[in-house]
Trainee: 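Sharing a structure with you now.
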Amino acid sequence: LVTSYVTHLNRQLFAEINARKAAELSLQGSVRRFEHVVACSEDWIWETDDKGRFTYTSTIVTRMLGYAVADVLGRTQRDFLSTSERERVGAADPLIAAGARGIFRERFKLLTKEGRIVIHECTAAPILDNRNNIVGYRGVNRDTYTHARTAESLEEALAAIDAMPGAEQIDSEFDLD
């Protein structure tokens, strides 16, 4: 009777161990997929604690702002705002001021490590614990300055092509309208 009970417990333990291993493998796969998506993104993906201090940042921040990941962690979004932007938003960090409503496509002027001003569009949502307390924020910054400059350059190039002799013939020949 005791041997039968111990055997039953061992089978249950074995099943639990296998289920836990399967869950760990699934989690590892999810983490790898997330890391791959982040690595492929042109956007700066980040996470903060409840005080707005960065606890995670994607490596694209180095290309966008010139700062190493280690130089960003522990700092706030406000630390990267230009002087005029700090005056505009006031004393509070924009995330903390937004509270539970978060931020949706709000534009901020940020300073790169070299002192250049870039314009980022920020979207962020609060991270809530099981009691609905804000424990941080997750968000994405998009460099709208570079996108706007690229669009302007493309428009200028298209205008230059349209101004070329024979452009009307090309338009009608290839039905570009």
Trainee: Short question: side chain of Asp79, backbone of Thr76 - any donor-acceptor pair under 3.5 Å?
Mentor: yes
Trainee: Other hydrophobic cluster members with Ile17, side-chain heavy atoms of Ile/Leu/Val/Met/Phe/Trp/Tyr under 4.5 Å, chained?
Mentor: Leu13
Trainee: Ignoring hydrogens and geometry, is there a side-chain-to-backbone donor-acceptor pair from Asp93 to Gly52 under 3.5 Å?
Mentor: no
Trainee: Within the structure provided, determine whether Leu128 and Ile134 are in side-chain contact (heavy-atom separation under 4.5 Å).
Mentor: yes
Trainee: What heavy-atom pair brings Pro126 and Ala100 nearest, and what distance separates the two atoms?
Mentor: CG-O, 3.3 Å
Trainee: Once salt bridge (Lys or Arg N to Asp or Glu O under 4.0 Å) is applied, what residue pairs with a partner in residues 120-138 remain, sequence neighbours excluded?
Mentor: Glu47-Arg138, Arg105-Glu121, Arg107-Glu121
Trainee: Search all heavy atoms of Asp71 against all heavy atoms of Lys113 and return the closest pair with its distance.
Mentor: OD2-NZ, 4.1 Å
Trainee: Hey, could you give me the OG1/CE distance between Thr57 and Met64, rounded to the nearest 0.5 Å?
Mentor: 9.5 Å
Trainee: Taking the side chain as every heavy atom from C-beta outward, state whether Pro94 and Ile103 have any pair of such atoms under 4.5 Å apart.
Mentor: yes
Trainee: Could you tell me which non-hydrogen atom of Gly102 sits nearest to which non-hydrogen atom of Ala98, and how far apart they are?
Mentor: O-CB, 3.3 Å
Trainee: Would you mind listing every salt bridge (Lys or Arg N to Asp or Glu O under 4.0 Å) that reaches into residues 49-68, with sequence neighbours excluded?
Mentor: Glu42-Arg63, Asp49-Arg53
Trainee: Quick one: are Phe54 and Tyr137 in side-chain contact, heavy atoms under 4.5 Å?
Mentor: no
Trainee: Taking a hydrophobic cluster as the set of Ile, Leu, Val, Met, Phe, Trp and Tyr residues connected by side-chain heavy atoms closer than 4.5 Å, whether directly or through intermediates, do Val118 and Val69 fall within one such cluster?
Mentor: yes
Trainee: Give the cluster check for Val89 versus Ile96: same hydrophobic cluster or not, with ILVMFWY residues linked at side-chain heavy-atom distances below 4.5 Å.
Mentor: yes
Trainee: Quick one: do Leu110 and Leu65 satisfy side-chain contact (heavy atoms from CB on, under 4.5 Å)? Show the steps, please.
Mentor: CA-CA 8 Å; Leu110 304 181; Leu65 296 180; 4.2 Å; yes
Trainee: Might you point out which heavy atoms bring Arg78 and Gly90 nearest each other, and give the distance in Å?
Mentor: NH1-O, 2.6 Å
Trainee: Do the side chain of Ser82 and the main chain of Leu111 share a donor and acceptor less than 3.5 angstrom apart?
Mentor: no
Trainee: Would you check if there is a donor-acceptor pair between the side chains of Trp46 and Ser58 at a distance under 3.5 Å?
Mentor: no
Trainee: Ignoring hydrogens and angles, tell me if any N or O in the side chain of Thr7 forms a donor-acceptor pair with the backbone of Thr3 under 3.5 Å.
Mentor: yes
Trainee: To the nearest 0.5 Å, tell me how far Phe108 CZ sits from Thr144 OG1.
Mentor: 11.5 Å
Trainee: Would you say the side chain of Gln12 lies within less than 4.5 Å of the side chain of His8, judging by non-hydrogen atoms?
Mentor: yes
Trainee: Do Phe80 and Tyr67 touch side chain to side chain, with heavy atoms closer than 4.5 Å?
Mentor: yes
Trainee: Are side-chain heavy atoms of Thr55 and Leu73 found at a separation under 4.5 Å?
Mentor: no
Trainee: Roughly how far apart are Ile45 CD1 and Arg142 CZ, rounded to 0.5 Å?
Mentor: 10.0 Å
Trainee: Check this for me, if you would: do Arg88 and Glu85 make a salt bridge, where the nitrogen-to-carboxylate-oxygen distance has to be below 4.0 angstrom?
Mentor: yes
Trainee: Going from CD on Gln77 to CG on Leu81, what distance comes out if it is rounded to the nearest 0.5 angstrom?
Mentor: 6.5 Å
Trainee: So, taking the atom named OG1 in Thr62 and the one named CH2 in Trp44, what distance separates them when rounded to the nearest 0.5 Å?
Mentor: 10.0 Å
